[in-house]
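Here's the structure we're looking at; comments come further down.
If you're wondering where the values come from, they're calculated on a predicted model, not measured in any experiment. Every chain is numbered from 1, with letters handed out A, B, ... down the list of sequences.
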Amino acid sequence: MLRSFRSPARNRRKVLELTLRSITNSLQQGEFAEELSRRAGFLQDLDPRVKVVVALEFLISVSLSRDPWVIVAIYALALGLALPSSISPGLLLGRVWLFMPFFTIPLAIPALFLTPGPPQIELPFGWIITRSGMTAALFLLLRVSASLTWSLLLIYTTSWNMVLSALSSLYLPEAFALILGMTYRYVNLLLRAAGDMLMSRESRVVGQLSRADGRRLMAAAAGALLEKSLKLSGDVYLAMQSRGYHGPMTSVRRFEMQAKDWATALTLSLLAAICVWIGR
Amino acid sequence: MHIPDGYLSPASSLVMAILVLPFWAAGMRRMRGNMNARNVPLVAMLAAFSFVIMLFNVPLPGGTSGHAVGAALAGIILGPEIATIAISIALIIQALFFGDGGILAIGANCFNIAVVVPYVAVVVYRLIGSTTPLSSPRRLIGAAAGGWLGLTLAALLTGIEFGLQPVLFHAADGTPLYAPYPLAIAVPAMVLPHALVASVVEGLLTALVVAYLQRSNIEVLATAEGAALAQEAVRPRRFTALWVVLIVLAVASPLGLLAPGTAWGEWGTAELTARGFQSVPAGLQQLSGLWGAPLSSYNIPALGNTNLGYIVSAAVGVLLAALLTWLFTQLVASKGRRRGDG
């Protein structure tokens with residue numbers, strides 16, 4: 001949410017470009033995840049309920065563990081499961097460690113010096129890295145990277161509508177599941193609408209936009225998008241009514257667990273429990 | 001300000017998830033009340049709108065820029081209850097499908113962003129502008145102030161959540177297991193950048209969009225205003241807010257353990273001996289074992305966790321007090337009815 005402090009001149013034109021880039025990245029991410037989830041692979045073929053539950057179990061294991069080696073093992077397991085699922089572990093590592101430098105690493109570095117404890121490394125100018133600081137920073141980096149890897153593994157091996165169906169089967173209220181599903185569809189629609197709006201504006205900008213013009217432009221785009229959203233919601237409601245909608249929908253998709261689903265669920269759940277026990 | 005997994009302990013994530021549940025329930029109840037099928041696509045569309053708005057880069061005077069959340073705007077347009085649902089949906093989609101924000105931290109992110117921001121923004125907006133015409137500039141001030149204050153308070157709450165982690169969850173040698181900075185560092189580190197940049201963006205965008213709607217589509221504001229007035233007219237007297245406050249206080253009760261020492265004068269025989277008393281008064285010794293409280297010292301040894309013992313004790317205390325009060329009122333009311341019948 002907080003942006004870098006670029007020079008004002010560079011910022012003026014960049015406002016549109018930065019927003020367009022964010023929108024494009026979001027669309028590409030969504031399409032990329034869908035494409036990976038359609039590939040043939042070990043995890044892709046599993047019942048989505050198994051994947052959702054197992055991912056949650058390992059997220060909880062990572063969160064509960066007080067042993068960094070257990071977290072490393074859980075991290076390695078995620079990378080190991082990616083291999084037979086047509087997903088390169090390098091992709092997962094790259095995606096996670098692309099995010100880390102912007103948020104987690106800058107947050108972890110001061111902990112090296114600020115966490116009280118016995119000194120471990122003495123640097124010039126009186127800077128002292130403490131042992132507790134190193135451990136605290138390590139825990140933070142490991143937990144965030146391992147958790148994010150498991151989240152991405154779920155996203156990359158399960159299409160969004162399967163995740164929603166799995167959540168519905170796991171007692172997520174139907175109204176919530178319905179709204180989540182509709183929202184995901186309309187996120188793509190509004191992203192394209194916003195992208196088109198800003199692209200058409202960008203293509204008509206000659207020279208530099210003042211910061212005040214940039215703010216007005218963003219506000220006008222947001223306002224227009226809001227109006228479009230409200231109108232679209234009315235159109236969607238009429239379409240739903242004309243098709244006989246009278247309440248939350250029941251999914252026709254029925255999942256049936258196969259032997260491999262049970263075997264995988266039991267094995268991975270047992271592993272998660274062992275990790276919690278060892279890491280307590 | 002989306003909290004990734006790994007920053008909060010599982011207990012903190014669970015507590016925040018429990019805290020957000022009543023607000024979700026209130027939002028779903030409001031949607032069913034007004035609604036029916038109409039609000040389903042409306043909430044979905046506004047959740048999608050909020051998602052997209054979070055990608056907008058808004059330049060600020062002075063060379064910086066930032067991203068708004070859109071939660072304040074959603075609160076003003078939809079009302080805070082339904083806005084909570086819409087923003088929560090956007091945050092859940094970001095966490096589940098885009099890996100932005102933790103999955104275990106969904107409760108915390110939803111409480112901080114989807115509850116605090118719209119509720120605070122709407123209170124401030126209505127305080128400043130509700131008595132003025134829809135096209136009044138005071139409403140813009142209300143929108144800007146509401147957006148700024150809402151997001152700043154959300155940042156404060158996030159800083160407190162981070163700052164409590166090393167105090168409550170650490171290894172035997174004191175090493176923090178989650179977010180590593182104490183309150184004195186975490187709170188200013190979260191509040192200052194948000195108050196100076198992100199909250200300004202939120203307030204600015206909220207005010208500018210309200211201004212746009214005042215010029216181009218004032219019916220949207222009129223509909224929002226009408227819905228708010230209708231809600232006020234039919235709202236039955238509820239104690240939901242009171243219960244929420246009580247739950248928050250119960251959950252926060254372990255904070256009292258941070259204070260060193262014991263309350264003056266509330267000493268048992270063991271504590272008197274430890275304080276250097278050569279002998280304990282006979283009467284005190286005799287009576288000290290008279291009553292064995294079931295939740296002695298607000299602790300439940302079987303739980304193995306003092307903090308959890310405090311929270312359970314607080315919950316039991318609140319429920320007992322509520323039960324006794326209810327019984328008392330039933331007794332008084334039935335006596336009043338008998339006197340009236342007689």
Can you list the residues that meet the side chain to side chain donor-acceptor pair (under 3.5 Å) rule with Q29(A), with sequence neighbours excluded?
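Expected list: none.
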Is it the side chain or the backbone of [X] that comes within 4.5 Å of chain A heavy atoms, both, or neither?
X: L55(B); answer: both
X: Y181(B); answer: side chain
X: P4(B); answer: side chain
X: S88(B); answer: neither
X: I185(B); answer: side chain
X: L205(B); answer: side chain

Using non-hydrogen atoms only, which part of A222(A) is less than 4.5 Å away from chain B: side chain, backbone, both, or neither?
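Looking at A222(A), backbone and side chain both touch chain B.
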Side chain, backbone, both or neither: which part of P118(A) has an atom under 4.5 Å from a heavy atom of chain B?
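No part of it gets close to chain B.
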Best-contacting candidate, V236(A), L180(A), T135(A), against chain B by heavy atom pairs under 4.5 angstrom:
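When all of V236(A), L180(A), T135(A) are compared, L180(A) has the most.
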Considering residues, nucleotides and ligands other than R280(A), do more than 12 of their heavy atoms fall under 6.0 Å from its CZ?
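Yes, enclosed.
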Evaluation steps, side chain to side chain donor-acceptor pair (under 3.5 Å), between Y178(B) and S63(A)
CA-CA 9 Å; Y178(B) 302 96; S63(A) 197; 4.6 Å; no
Heavy-atom pairs under 4.5 Å with chain A, option from I77(B), I89(B), I53(B) with the top count:
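Sorted descending by pairs with chain A, the first entry is I89(B).
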Candidate pair F97(B) and Y184(A), rule ring-ring contact (aromatic ring centres under 6.0 Å, His included), full reasoning
CA-CA 9 Å; F97(B) 302 119; Y184(A) 188 83; 4.9 Å; yes
Given the rule in the side chain to side chain contact (heavy atoms under 4.5 Å, CB included) test, do R143(A) and D5(B) qualify, once you have shown the distances and angles that lead to the verdict?
CA-CA 7 Å; R143(A) 284 195 213 279; D5(B) 280 329; over 6 Å; no
Show the nearest heavy-atom pair for residues L59(A) and L104(B), with the distance to one decimal.
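Nearest heavy atoms, L59(A) then L104(B): O-CD1, 3.5 Å.
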